[in-house]
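Written below as structure tokens is the structure these notes are about.
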Amino acid sequence: MENLSPIMLGFLGSLAAGSLTAVGAAPVLFGRIPSRATRDLSLGFAAGVMLSASFFSLIIPALDAAEPMFENDAMPAAIVCVSILLGMGAVALMNEKLPHEHFKTGREGPEAASLRRVWLFIIAITIHNFPEGLAVGVGFGSGGMEGGLPLAIGIGLQNAPEGLAVAVSLLGEGYPKLRAWGIAALTGMVEPIGGLLGAGIITLSEPLLPWGLAFAAGAMLYVISHEIIPETHRSGHQNRATLGLAVGLVLMLFLDVWLG
Ligand SMILES: [Zn+2]
């Protein structure tokens with residue numbers, strides 16, 4: 001492992017994390033689907049891990065990376081704030097633009113609305129997996145094993161309930177088991193692409209790092225607020241969802257400090 005280049009580590013680490021999406025979705029293949037309450041709890045956990053990761057693994061490292069570049073403290077903070085907003089805006093824009101055309105034709109009425117909601121959720125999950133991969137790649141690229149491992153573990157853990165949520169919502173729309181699982185697994189395969197890019201960028205161009213990290217955090221924060229938390233609160237399991245979020249948040253914080 002020590003002989004691997006940081007870019008290779010970033011790629012393999014993010015590939016491993018992304019693969020847990022497929023593992024998490026596997027119960028649908030065997031017809032063993034956890035209850036909605038359990039899914040809301042575990043998806044809440046994913047939201048907590050992502051919330052923690054966006055601050056401890058992306059925003060704080062972004063500030064740390066920007067501070068040596070400037071004399072004052074306002075500039076690094078401003079760069080990070082602008083990048084977060086750009087990241088949130090980019091995902092909002094993609095959510096707005098991408099799926100609509102696709103659903104103009106085909107099914108109509110409430111059925112189409114539910115199918116459209118499911119696909120919006122899937123697209124949002126896929127989009128935010130890119131910055132997650134980016135974060136893992138940057139972690140390995142800048143800090144080697146020590147920098148990347150806590151992120152790969154944390155991001156991998158929260159991918160499992162996300163994969164399950166995607167596969168189960170597709171089953172609910174009448175997709176066959178294997179296709180539902182396959183689509184869920186594909187959403188995770190965006191991560192190694194982000195991982196490769198993240199490890200590459202940090203190795204090639206350090207000045208871009210604060211922008212990239214904070215942009216990735218913004219993209220994740222948008223998905224947490226716009227897709228994941230609302231999804232966990234739609235079926236009356238708010239308490240479980242919040243419990244999951246609390247556990248995910250402190251677990252990621254602990255991993256980051258302990259392994260980082
Ligand atoms: Zn996630």
Side-chain angles (χ1 to χ4, degrees), residues 10 13-26 39-59 84 87-88 90-92 94-95 118-139 148-170 183-195 197-198 212-233 241-242 244-253 255-256:
S14 52
L15 180 67
S19 304
L20 281 175
T21 310
V23 176
R39 271 151 41 211
D40 286 344
L41 177 92
S42 65
L43 203 57
F45 169 84
V49 169
M50 288 163 63
L51 211 49
S52 210
S54 46
F55 281 89
F56 290 98
S57 309
L58 294 168
I59 294 176
I84 291 172
M88 295 185 84
V91 183
M94 274 193 245
N95 250 350
V118 164
W119 272 101
L120 273 175
F121 177 68
I122 295 171
I123 287 164
I125 292 284
T126 311
I127 290 172
H128 97 288
N129 277 339
F130 185 73
E132 286 184 359
L134 203 71
V136 174
V138 166
L149 197 61
L151 266 169
I153 295 174
I155 296 294
L157 280 179
Q158 57 85 50
N159 274 336
E162 286 176 2
L164 184 65
V166 166
V168 169
S169 50
L170 284 168
I183 292 169
L186 274 180
T187 66
M189 285 307 102
V190 181
E191 290 205 2
I193 304 172
L197 197 78
L213 287 171
F215 184 91
M220 276 170 66
L221 287 170
Y222 181 89
V223 174
I224 301 166
S225 162
H226 203 75
E227 307 290 339
I228 301 194
I229 293 178
E231 180 69 20
T232 62
H233 284 231
T242 304
L245 185 140
V247 173
L249 191 118
V250 295
L251 182 82
M252 185 64 214
L253 192 159
L255 277 177
D256 198 80

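When a ligand or atom number is given, it counts from 1 through the structure's own listing order.
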Handout entry: Main-chain N/O of Gly48 paired to Ser52 side chain as donor or acceptor, under 3.5 Å
Key = no

Completion exercise
When every non-hydrogen atom of Leu151 is compared with those of Ala135, the smallest separation belongs to CD1-O, 3.3 Å

Handout entry: Nearest heavy-atom neighbours spanning Asp40 and Glu231
Key = OD1-O, 4.0 Å

Problem - Name of whichever N/O/S atom of Glu132 is nearest to the Zn ion (ligand 1) - result: OE2

Practice task
Have a look at Glu162 and say which of its N, O or S atoms is nearest the Zn ion (ligand 1).
Solution key: OE2

Exercise for the section: Look at Gln158 and state whether any of its N, O or S atoms is less than 2.8 Å from the Zn ion (ligand 1). Expected result: yes

Practice task
Sort out for me which residue in His233, Glu162, Gln158, Met220 forms a side chain to side chain contact (heavy atoms under 4.5 Å, CB included) with Ile228.
Solution key: Glu162

